[in-house]
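Take a look at the structure below.
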Amino acid sequence: MAKDITKYMMKLEDETAWDNILELSASKVIVVDIHQDWCGPVEAIMPSMTRVMIEYDNAEDRFQYCSASIAKLKEKIQPTLPSDAKIDLEKNGCLPLFAVYRHKMCVAAISGVDAPTLLQQIQMNIPDKEKKD
């Protein structure tokens, strides 16, 4: 059965939501679609995020997809991005940007709609499924 990723997507509206999602990265892999307000989340990546929800057991407990506006959260997001990625949110324009977080750290920043790389980063960082007793 298909899952609608938009039902699982969390919109990060303020600094408190940002701080909460970083805390959540201790137990889940977090993918943040970082975008301009006028651009909105990248629709082209939605099928790949839906695929994660379908292919991974208990995905809701292990993965979170979010969207964040550069205008609202750039002061919180920019310091978390890897310095070697040389990403300046002030100059990002409308280029799609995805950041993958695990254990309160950005483990990957992906510029452009690069679904294979994003899916690989999710696979590498998604926590193991909890075993039932």
Side-chain angles (χ1 to χ4, degrees):
M1 173 181 235
K3 293 187 180 187
D4 180 1
I5 190 63
T6 59
K7 292 179 182 177
Y8 298 96
M9 185 168 75
M10 183 182 297
K11 194 171 183 181
L12 305 176
E13 296 282 350
D14 56 35
E15 291 184 5
T16 301
W18 177 259
D19 293 340
N20 289 340
I21 207 67
L22 280 185
E23 287 296 321
L24 190 59
S25 74
S27 61
K28 294 183 178 188
V29 63
I30 310 294
V31 173
V32 183
D33 178 341
I34 303 166
H35 57 83
Q36 300 288 353
D37 277 342
W38 50 267
C39 207
V42 178
E43 290 185 22
I45 207 72
M46 298 294 185
S48 296
M49 298 301 96
T50 300
R51 180 176 159 192
V52 171
M53 296 302 293
I54 293 168
E55 291 185 358
Y56 286 91
D57 292 337
N58 299 4
E60 297 90 351
D61 298 329
R62 303 163 62 203
F63 165 76
Q64 181 65 56
Y65 181 54
C66 306
S67 74
S69 161
I70 291 172
K72 292 178 184 172
L73 292 169
K74 79 177 157 213
E75 280 78 27
K76 285 288 209 174
I77 296 170
Q78 185 69 61
T80 69
L81 298 175
S83 58
D84 63 344
K86 296 185 170 61
I87 296 169
D88 182 352
L89 294 178
E90 289 281 338
K91 299 176 182 172
N92 199 58
C94 63
L95 181 67
L97 176 63
F98 300 92
V100 180
Y101 292 86
R102 188 73 173 105
H103 302 292
K104 303 179 186 178
M105 294 175 43
C106 182
V107 294
I110 302 155
S111 292
V113 181
D114 185 351
T117 299
L118 186 54
L119 290 170
Q120 179 185 39
Q121 287 296 323
I122 293 167
Q123 180 182 15
M124 288 172 26
N125 290 287
I126 196 164
D128 292 334
K129 184 172 92 171
E130 285 190 26
K131 295 182 179 168
K132 306 283 182 188
D133 290 332

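- In this structure, Arg62 and Val29 have side chains that are not in contact, with every pair of non-hydrogen atoms separated by 4.5 Å or more.
- Side-chain atoms of Asn58 never come within 3.5 Å of backbone atoms of Asp61 as a donor-acceptor pair (strictly under, hydrogens ignored).
- You'll find the side chain of Asn125 reaches within 4.5 Å of the side chain of Gln121, heavy atoms only.
- Within the 4.5 Å cutoff, side-chain heavy atoms of Leu89 are placed close to those of Leu81.
- Side-chain contact between Met49 and Tyr65: present, with at least one pair of heavy atoms (C-beta onward) separated by less than 4.5 Å.
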Under 3.5 Å, which donor-acceptor pairs do the side chains of residues 34-46 form with other protein atoms, sequence neighbours left out?
| from | atom 1 | to | atom 2 | distance (Å) |
| --- | --- | --- | --- | --- |
| Gln36 | NE2 | Gly93 | O | 3.1 |
| Asp37 | OD1 | Ser69 | OG | 2.5 |

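- Contact between Ser48 and Leu119 at its shortest, heavy atoms only, is O-CD2, 3.7 Å.
- Side-chain contact check for Leu22 versus Tyr101: some heavy-atom pair is nearer than 4.5 Å.
- By the 4.5 Å heavy-atom criterion applied to side chains, Cys106 and Pro82 are counted as neighbours.
- When all heavy atoms of Val31 and Phe63 are compared, the pair lying nearest together is CG2-CE1, 3.8 Å.
- Side-chain contact check for Thr80 versus Trp18: some heavy-atom pair is nearer than 4.5 Å.
- Within 6.0 Å of the CE atom in Met105, the count of heavy atoms belonging to other residues, nucleotides or ligands does not exceed 12.
- Put simply, the side chain of Lys76 never gets that close to the backbone of Asp14: no donor and acceptor are under 3.5 Å apart.
- Among the candidates Gln64, Met10, Arg102, the single residue satisfying the side-chain contact (heavy atoms from CB on, under 4.5 Å) test with Ile30 is Gln64.
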